[in-house]
There are 2 protein chains.
Amino acid sequence: MNDAGEGREPHKGSASLSPSQQDYLKQIFLLNDASQGATTQLLAERIGVRPASVTGMLKRLAEEGLVERAPYRAVHLTETGRRIAVEIVRHHRLLEAFLSRTLGYRWDEVHEEAEALEHVISERFEQKVAELLADPDRDPHGDPIPTRELALKEDEHLTTLALLPKGSRGTIRRVTLQDQDALNLVERLDLLPGRAIEVAGTHPDGISLLVGGSRFLVPALLAAHLLVDVAPHPSSAQPKTREGTGRPVAHEQ
Amino acid sequence: MNDAGEGREPHKGSASLSPSQQDYLKQIFLLNDASQGATTQLLAERIGVRPASVTGMLKRLAEEGLVERAPYRAVHLTETGRRIAVEIVRHHRLLEAFLSRTLGYRWDEVHEEAEALEHVISERFEQKVAELLADPDRDPHGDPIPTRELALKEDEHLTTLALLPKGSRGTIRRVTLQDQDALNLVERLDLLPGRAIEVAGTHPDGISLLVGGSRFLVPALLAAHLLVDVAPHPSSAQPKTREGTGRPVAHEQ
DNA sequence: GAGTTTGATTAGGATCGGCTAACTTTTTTC
DNA sequence: GAAAAAAGTTAGCCGATCCTAATCAAACTC
Ligand SMILES: [Mn+2]
Ligand SMILES: [Mn+2]
Ligand SMILES: [Mn+2]
Ligand SMILES: [Mn+2]
């Protein structure tokens, strides 16, 4: 079924794709980036459509050379598809940083707005915002912002909170959650990027955590999405002296 | 064919309409605001579709109670339709001011970007931008920005350059053009809002204008879209002063 | 005021992206 | 390894928005 003589559009930019197509590519990328297979069902959940719709769209994207797929198996991005996906991710995270820093959005308000704007802003807008913010490399959730050349830094030194042994100390650097309610939970628990934490113990259902003077159970499902920068010497005091009641939320303004 | 017992949706916000629908409402409003009938053909030109498409969309908008129309006649907005249209206009002009002032866009670059963003930003975004800019009342073209309550100030003291008699002096306050090429022309001629001008004479094809030390013919078609704040005493030369016809005129550009 | 020109509408069709219901394939369970 | 469960696909449909071509109405023209 695959033909080699199809019309080869040179340099397909994200601009020529519909917001819907862009969202599919982005979610495939994010799933792969999180080492998960981009299955029909997962995509359907993330994008908010029915599985049948995903199948249909993936076929169209495959025809355009943006994904490679075999029926009943997870999809993968082609190089072209990946490039576009990263471009959208850059838009999204740059916008989140902008909304947070320049317009004073709250931590939990940025995602939804960026979700819509990411498809609409021009390269000029992207550029101007990057200038204004002096090329930020993290969004408010701690997610790395791809560079203009679409290079994406890996967080190799970060560890999932869920895997830390008792006694570990470190700093929360990244919250890899999409869901609005889950984000609200993180905010209520004051587990934002920058917070110093210590693992008080492990449970079957999660992790007992010491943060900002209080101690509570972080459910495993949540802990798996908190990436921590582990302090070099678990026995010594934490490098960053930043205690307090934890109430004054760490907004990066 | 028209029935009175249609489903009456309460408080329809612009958010529930498609970008396309929003553009139709906006263009109807802008045409009416410029004292032009919103005909099928004019709308088709402004929106960039064929007349047949306009007829189709107007029918749908009429069904939703946003416009009133009779076949072969110009359309009018209902109160609901007008409210939505003004909301979009506010978005558009606020965005233009923001792009210009905060992101450093050039005068001729703002329109296109605002055209896409206006349909996508949330009320929160609108609000935050308005705060950041301290409630601006003009966009970079001199067009008035509707207030949050959707009140739109009229430019009663402004006159079309095309109608000024020889010897008139004044200041360009507003450029009511949509077309990109026309805007570029205005910029090349340095006829931007704020420029002091004097009418050196009238021609059948336009107006001979003195501006910034040089003198040239402004084609009638262009002159009709330049709104001028006429100086009270045509004989006295004054580069920049606030005159008063009994009405306070505040504009920040 | 009959005819012509211009403007508007209708008819029919395409594309896109979603849906449901029915069917097929893969995976899991025992 | 057969049956059941889960996941994925197909077929058929729908609404939104655009298009072209043909028709109809209104507005000028003389
Ligand atoms: Mn999106
Ligand atoms: Mn983020
Ligand atoms: Mn628009
Ligand atoms: Mn403007």
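In what follows, chains are A, B, ... by sequence order, proteins preceding strands, each numbered from 1.
Residue A:Glu64 contributes atom CD, which lies 11 Å from atom C1' of C:dC16 at whole-angstrom precision. The CZ atom of B:Arg69 sits 17 Å away from the P atom of C:dG7 (whole-angstrom rounding). In this structure, NZ of B:Lys59 is placed 15 Å from P of C:dA8, rounded to the nearest angstrom. In this structure, A:Leu61 atom CG and C:dC16 atom C1' are separated by 12 Å, rounded to whole Å. The interatomic distance linking A:Gln41 (CD) with D:dA5 (P) rounds to 16 Å, in whole Å. One interatomic measurement links the two molecules: CD of B:Glu45 to C1' of C:dA8, which rounds to 14 Å at whole-angstrom precision. The CG-C1' distance, from A:Leu58 to C:dG18, rounds to 14 Å in whole Å.
A salt bridge links A:Glu109 to A:Arg106: at least one charged side-chain nitrogen sits closer than 4.0 Å to a carboxylate oxygen. Taking a cutoff of 4.0 Å between a charged side-chain nitrogen and a carboxylate oxygen, B:Glu63 and B:Arg60 do not qualify as a salt bridge. Ion pairing between a basic and an acidic side chain is recognised when a charged N comes within 4.0 Å of a carboxylate O; A:Lys26 and A:Glu118 show such pairing. Between B:Arg138 and B:Asp143, no side-chain nitrogen of the basic residue sits less than 4.0 Å from a carboxylate oxygen of the acidic one, so the salt-bridge criterion is not met.
Within 4.0 Å of B:Thr55, counting heavy atoms only, lies at least one base atom of the nucleic acid.
With hydrogens and angles ignored, the 3.5 Å screen pairs a side-chain donor or acceptor of B:Ser122 with a backbone N or O of B:Arg124.
Closest approach of A:Lys166 to A:Thr202, counting heavy atoms only: N-CG2, 4.4 Å.
Residue A:Pro71 is the one, among A:Pro71 and B:Pro71, whose nearest nucleotide of DNA chain D lies closer to the 5' end (criterion: closest heavy atom).
Checked against a 6.0 Å centroid threshold, the rings of A:His92 and A:His111 count as neighbours.
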> What string of B, S and - do you get for nucleotides 18-25 of chain D 5' to 3' if you count protein non-hydrogen atoms under 4.0 Å?
Replying inline: SBB---BS

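Here D:dT17 is the nucleotide among C:dG17, D:dT17, D:dG8 with the atom lying nearest to any side-chain atom of B:Gln21.
Using a 4.0 Å cutoff on non-hydrogen atoms, no part of residues 28-39 of chain B comes near DNA chain D.
Take B:Arg69 and apply the salt bridge (charged side-chain N to carboxylate O under 4.0 Å, His left out) test, not counting sequence neighbours, and it matches no residue.
Side-chain N/O atoms of A:Thr40 include one lying less than 4.0 angstrom from OP1 or OP2 on D:dT9.
Two residues are said to be in side-chain contact when any heavy atoms from C-beta on lie closer than 4.5 Å; B:Phe125 and B:Leu95 meet this criterion.
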